[in-house]
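In what follows, a single structure is set out as structure tokens and then discussed.
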Amino acid sequence: MWPTTAEAAIAIQQELRSQVIIAPTQTPLRSVAGVDAGFEDDGRVARAAVVVLRLPDLTPIAYAVARQPAPLPYIPGLLSFREAPAILAALEQLATPPDLLICDGQGIAHPRRFGIASHLGVVTGISSIGCAKTLLIGEHDAVPDVRGGRVLLVDRGEPVGMVLRTRSGTKPVFVSPGHLVSIEQAADLVLACTTRYRLPETTRYAHNLASHGKLPLK
DNA sequence: GCGACAG
DNA sequence: ATCTTGTCGC
């Protein structure tokens, strides 16, 4: 099921990329899940957390934690193979699947247009978005320094995402659709999940649960 | 060959 | 990601 070599992992991405659908999804969405992962045992085991928030108020309504061995070392472009096994295990523990997934990483803003958000979206069939803290690929102009400021992220002449300022005075985030959402909608949804911090509440809750084993965040 | 390179 | 103190600024 999971590849053991970089070559095999890339082959899987090449095969699944054709299944990615970039198009606006039907709203209103009733829930959003933040997914993230941490590592233990010297990076050989991934510890994932999923926290589901109700929309549009962002109240936590469910969560799950799971751990799975990471089949590959970290290699730029192959991040999903380290985190997806554990994240999928956590998602399976939920009684009800969320309407949307916000991942800590890229969606189609990836060398093969198949970042972790796209991978999770295609495998689960759930709409997904990638919201990364740093750039992997692509070029962009300066981002207006106001909450909501945004500029297109372009790679090889193709629009692949949006560089979004979620808070004035802080570095922007790199948003790209994973599956079943459009670039513009992805940026709007990330903004809708962001309140007083740079990262969306979904990511903050998931990261907190994955690394500190706690949910209370305020 | 020389850089760049999600978490 | 992970190892870690203090420090700057709202």
Side-chain angles (χ1 to χ4, degrees), chain A residues 2-3 6 9-10 12-13 16-17 20 34-51 65-90 101-123 128-140 145-147 153-156 158 160-179 183 186-187 190 195-200 202-213:
Chain A
W2 297 102
I10 290 175
I12 290 176
Q13 295 183 322
L16 296 179
R17 61 180 295 180
V20 172
V35 303
D36 190 28
F39 294 87
E40 18 183 90
D41 191 22
D42 211 20
R44 289 173 298 217
V45 174
R47 171 177 15 79
V50 176
V51 179
V65 176
R67 53 187 70 205
Q68 282 292 299
L72 291 177
Y74 170 69
I75 299 172
L78 300 180
L79 171 68
S80 69
F81 294 93
R82 282 178 67 67
E83 307 193 344
I87 292 175
L88 290 172
L101 253 37
I102 290 187
C103 315
D104 195 340
Q106 319 289 342
I108 60 171
H110 176 280
R112 287 170 293 283
R113 303 290 181 268
F114 201 71
I116 188 168
S118 296
H119 200 150
L120 291 173
V122 165
V123 171
S128 64
I129 294 171
C131 179
K133 299 180 290 297
T134 62
L135 181 69
L136 174 60
I137 52 87
E139 316 159 337
H140 66 85
D145 193 18
V146 292
R147 170 178 162 80
L153 177 60
V154 178
D155 180 52
R156 288 178 260 158
E158 289 177 25
V160 295
M162 206 73 93
V163 186
L164 174 71
R165 188 87 65 179
T166 56
R167 232 200 117 159
S168 62
T170 59
K171 301 190 69 56
V173 292
F174 301 81
V175 180
S176 58
H179 185 50
I183 290 178
V190 165
T195 56
R196 59 173 306 197
Y197 299 98
R198 176 166 85 118
L199 301 178
T202 41
T203 301
R204 287 167 45 71
Y205 274 110
H207 188 295
N208 220 319
L209 182 57
S211 60
H212 304 177

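Each chain gets a letter, A, B and so on, in the order its sequence line appears, and its residues count up from 1.
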* Nearest-Å distance, CZ (Phe39(A)) to P (dA6(B))? -> 13 Å
* Asked: Quick one: is dA6(B) close enough that its OP1 or OP2 comes under 4.0 Å of any side-chain N or O from Ser80(A)?
  -> no
* Asked: Should Lys133(A) be listed as having a side-chain N or O under 4.0 Å from OP1 or OP2 of dG7(B)?
  -> yes
* Structure fact -> Exactly one candidate in Ile102(A), Thr170(A), Val173(A) meets side-chain contact (heavy atoms from CB on, under 4.5 Å) with Leu199(A); the answer is Val173(A)
* Lys133(A), Arg204(A), Arg165(A) screened by side-chain contact (heavy atoms from CB on, under 4.5 Å) with Arg198(A), the one that passes -> Lys133(A)
* To do: Scan Gly77(A) against the nucleic acid and name what it touches under 4.0 Å (heavy atoms): base, sugar-phosphate only, or nothing.
  => base
* Check every strand shown and say whether Ile87(A) touches a base, only sugar-phosphate, or nothing at a heavy-atom separation below 4.0 Å. => nothing
* Atom-to-atom span, CG of Leu72(A) to P of dG7(B) - whole angstrom -> 18 Å
* Please indicate yes or no: is the ring centre of Tyr74(A) less than 5.5 Å from the centre of the six-membered base ring of dG7(B), with the two planes inclined by under 30 degrees? => yes
* Asked: Counting any heavy atom closer than 4.0 Å, what does Gly38(A) reach on the DNA or RNA strands: base, sugar-phosphate only, or nothing?
  -> sugar-phosphate
* Between the side chain of Asp145(A) and the main-chain N/O of Gly169(A), is any donor-acceptor distance below 3.5 Å? -> yes
* Asked: Can you check whether Gly43(A)'s main-chain N or O pairs, donor with acceptor, with Arg82(A)'s side chain at less than 3.5 Å?
  -> yes
* To do: Check the distance between dA6(B)'s C1' and Ile75(A)'s CD1 and give it to me in whole angstrom.
  => 13 Å
* **Between P of dA1(C) and CZ of Arg82(A), the distance in whole Å** => 12 Å
* Asked: OP1 or OP2 of dA1(C) less than 4.0 angstrom from a side-chain nitrogen or oxygen of His207(A), does that happen here?
  -> yes
* Classify the angle between the aromatic ring planes of Phe81(A) and Trp2(A) as parallel (below 30°), tilted (30 to 60°) or perpendicular (above 60°). => perpendicular
* Return the value, rounded to whole Å, for the distance between atom CG of Leu153(A) and atom C1' of dA6(B). => 12 Å
* Glu139(A) CD to dG3(B) P, straight-line distance once rounded to whole Å -> 19 Å
* Side-chain contact test, heavy atoms from C-beta onward, threshold under 4.5 Å: evaluate it for Leu135(A) versus Leu153(A) and give yes or no. => yes
* Examine distances only and state if a side-chain atom of Arg67(A) and a backbone atom of Ala48(A) form a donor-acceptor pair shorter than 3.5 Å. => no
* Distance in angstrom units between Leu164(A) CG and dA6(B) P, rounded -> 20 Å
* To do: Please state how far atom CG in Leu79(A) lies from atom P in dA4(B), giving the value in whole angstrom units.
  => 21 Å
* Structure fact -> Under the rule of Watson-Crick or G-U wobble with both distances under 3.5 Å, where | means paired to another strand and [ ] a crossing pair, DNA chain B maps to .......
